[in-house]
Amino acid sequence: MMPVYQKAFIYIFVEIEYFFVFLQFIQSSKVSTNTLKNKVYIETYGCQMNLADSEIVASLLAKDSYTIEKDINQADFILINTCAIRDNAEQRIRKRLRELKALQRGRQWLKIGILGCMAERLKTQLMEEEDNVSFIVGPDAYRQLPQMLDHIKDDEKMAETLLSETETYDDIEPVRYDTNGITAYISIMRGCQNYCAYCVVPYTRGRERSRDPKTIVAEASNLVAKGYREVTLLGQNVNSYRWKNGESEIVGFPQLMAMVAEVSPLLRVRFATSHPKDLSDELLQVMAKYDNICKCIHLPVQSGSTRMLKLMNRHYTPEWYLDRIGAIRRYLPTCSITTDVIAGFCTETEEDHQATLDMFRKVRYDYAYMFKFSMRPNTYAAKHLQDDVPDEVKTRRLEEIIALQGQIALENNQKEIGNTYEVLIEGVSHRSDQQLFGRNSQNKVIVFERGDLQPGQYAKVKVLRCTSATLIGEVVGNK
Ligand code: 5AD
Ligand code: SF4
């Protein structure tokens with residue numbers, strides 16, 4: 001079983017949120033005492049990319065004289081790695097800051113810093129509005145954190161939010177505090193320049209840049225040596241990964257996937273997220289070639305309406321999207337498909353909404369992250385469009401999408417009954433310590449009786465029953 005200090009808790013708020021990741025970790029190789037004021041507690045909100053960034057921050061601090069603390073009550077510094085994707089993500093951080101005031105009253109030296117997308121978006125304004133925040137650090141400035149903390153001990157306030165065109169942190173080996181010591185994220189690129197009309201990410205994470213493939217492969221190899229069995233390659237749009245080695249050699253995403261898949265047949269490889277406009281047949285061919293590349297593609301659709309997709313600046317039509325779905329089904333007949341969708345974007349009509357429901361009926365996604373549109377400052381939408389769909393209409397449309405998707409997911413899972421899958425065991429089920437859970441290649445969670453099996457092993461599991469979210473099975477053999 002994984003050590004307690006590596007525990008992470010992931011809560012998914014599908015109703016109106018993307019997902020919120022709360023994590024705590026400790027790296028205890030260094031001696032620390034209270035008098036040194038060097039204990040750092042990190043709390044992470046938002047996407048997987050933030051989770052990976054917190055691991056980089058932990059590594060940068062642990063290299064210096066700082067210790068990552070698991071107990072918030074012992075911390076000298078609290079770093080909150082934030083998300084700005086929707087307004088309610090930011091409101092949650094503000095609420096958390098108010099809660100933390102009580103902790104600061106008992107520990108006057110305790111300093112709080114804001115990292116990540118909200119730090120980048122609001123810069124020093126956030127320190128002016130939230131009087132218990134001492135420092136602000138944007139996603140490309142984490143290397144400066146150790147130095148900043150040294151100054152902040154002396155009651156200085158500091159902000160560093162410069163974005164970089166080159167920073168990839170590729171020389172930093174993340175300190176892993178993964179839930180299970182079995183699955184890990186590897187960041188392969190940073191930033192995004194797609195400028196979808198609703199999205200704040202290009203403004204908070206800067207220009208797109210890819211990381212040296214040698215360092216990615218080295219990281220994957222190290223993880224295998226430590227016993228990890230699955231990596232997820234992360235980027236805002238992994239399909240535009242591109243590394244140029246001198247004049248001639250270009251490594252694109254399909255080549256990178258093949259390089260990582262070849263690290264070890266025991267290592268599963270996943271990736272997130274793909275932009276439909278760039279999903280190539282070449283990638284699907286590479287996925288088909290390697291058994292250890294998981295058969296699961298997250299392909300955010302955002303809307304099923306031609307007009308909405310144009311207004312969102314997505315660079316594809318519903319027909320193009322469905323063509324890509326057709327290609328996935330052709331090359332990878334067993335592949336699961338998941339998506340992101342936004343209800344109630346500017347000017348969305350009932351007809352546009354019906355087109356989205358239609359898209360869901362056609363594709364029959366295995367899972368979907370479903371959101372209500374939230375206007376974000378600085379975006380194309382904020383500058384040029386009206387947030388004119390009333391909130392109750394957005395809510396009703398979102399509920400209709402959620403209900404339809406729930407039905408589809410259940411029917412998809414019912415079709416799995418009787419199938420046998422190779423499952424990577426990730427841990428003990430929350431319901432009973434006599435049960436284990438893992439995922440199949442399609443990323444579906446399967447629960448089964450423990451027997452003699454351990455997390456980290458592969459097992460062959462036959463599906464017996466299901467809910468819309470989980471498969472329940474029995475072990476029919478080891479790998
Ligand atoms: N409002 C609602 N959802 C949004 N997303 C991005 N920006 C917004 C917004 N302003 C969603 C998209 C994206 C996912 C990460 O978050 O669906 O794919
Ligand atoms: Fe945002 Fe679009 Fe970039 Fe995704 S691709 S991060 S939705 S701008």
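Just so you know, ligand 1 is whichever comes first in the structure, and atom 1 is the first atom listed for that ligand.
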>> Going by salt bridge (Lys or Arg N to Asp or Glu O under 4.0 Å), name the pairs with one or both residues in residues 285-312, residues two or more places apart or in two chains.
In response: Arg307-Asp352
> Do any pairs count as a ring pair (Phe, Tyr, Trp, His ring centres under 6.0 Å) and have a residue in residues 386-412, sequence neighbours left out, and if so which ones?
Replying inline: none
> Does Arg86 count as lying over the ring of Phe371, i.e. NZ or CZ under 6.0 Å from the six-ring centre, within 45 degrees of the axis?
Replying inline: yes
>> Pairs of nitrogen or oxygen atoms closer than 3.5 Å, one from Arg376 and one from ligand 1: do any exist?
In response: no
> Where's the contact between Ile342 and ligand 1, heavy-atom distance under 4.0 Å: side chain, backbone, both or neither?
Replying inline: side chain
>> Looking at Glu90 and Arg121, is there a salt bridge between them, counting it only when a charged N and a carboxylate O are closer than 4.0 Å?
In response: yes
> Touching ligand 1 at all, Lys372? Heavy atoms, strictly under 4.0 Å?
Replying inline: yes
> Taking 4.0 angstrom as the limit, do Asp323 and Arg330 come out as a salt bridge?
Replying inline: no
> Taking atom types as modelled, is there a side-chain donor on Tyr198 or Gln302 under 3.5 Å from an acceptor on the other?
Replying inline: yes
> Which parts of the protein, at residue level, reach under 4.0 Å of ligand 2 through a heavy atom?
Replying inline: Cys192, Asn194, Tyr195, Cys196, Tyr198, Cys199, Val201, Pro202, Gln236, His275, Arg314
> Where does Phe371 meet ligand 1, judged by heavy-atom distances below 4.0 Å: at the side chain, the backbone, both, or neither?
Replying inline: side chain
> Can you list the ligand 1 atoms lying under 4.0 Å from a non-hydrogen atom of Gln302?
Replying inline: 12 (C), 13 (C), 17 (O), 18 (O)
>> List the residues meeting side-chain contact (heavy atoms from CB on, under 4.5 Å) with Thr317, not counting sequence neighbours, and say none if there are none.
In response: Glu319, Trp320
> For atom 9 (C) of ligand 1, which candidate among Gly344, Ser374, Ala197, Ala84 holds the nearest heavy atom?
Replying inline: Ser374
> Is a side-chain donor-acceptor pair under 3.5 Å present for His298 with Asn443?
Replying inline: no
> Have Asn194 and Lys277 got a donor and an acceptor in their side chains that come within less than 3.5 Å?
Replying inline: yes
> Just which atoms of ligand 1 are under 4.0 Å from any heavy atom in Arg86?
Replying inline: 1 (N), 2 (C), 3 (N), 4 (C), 5 (N), 11 (C), 16 (O)
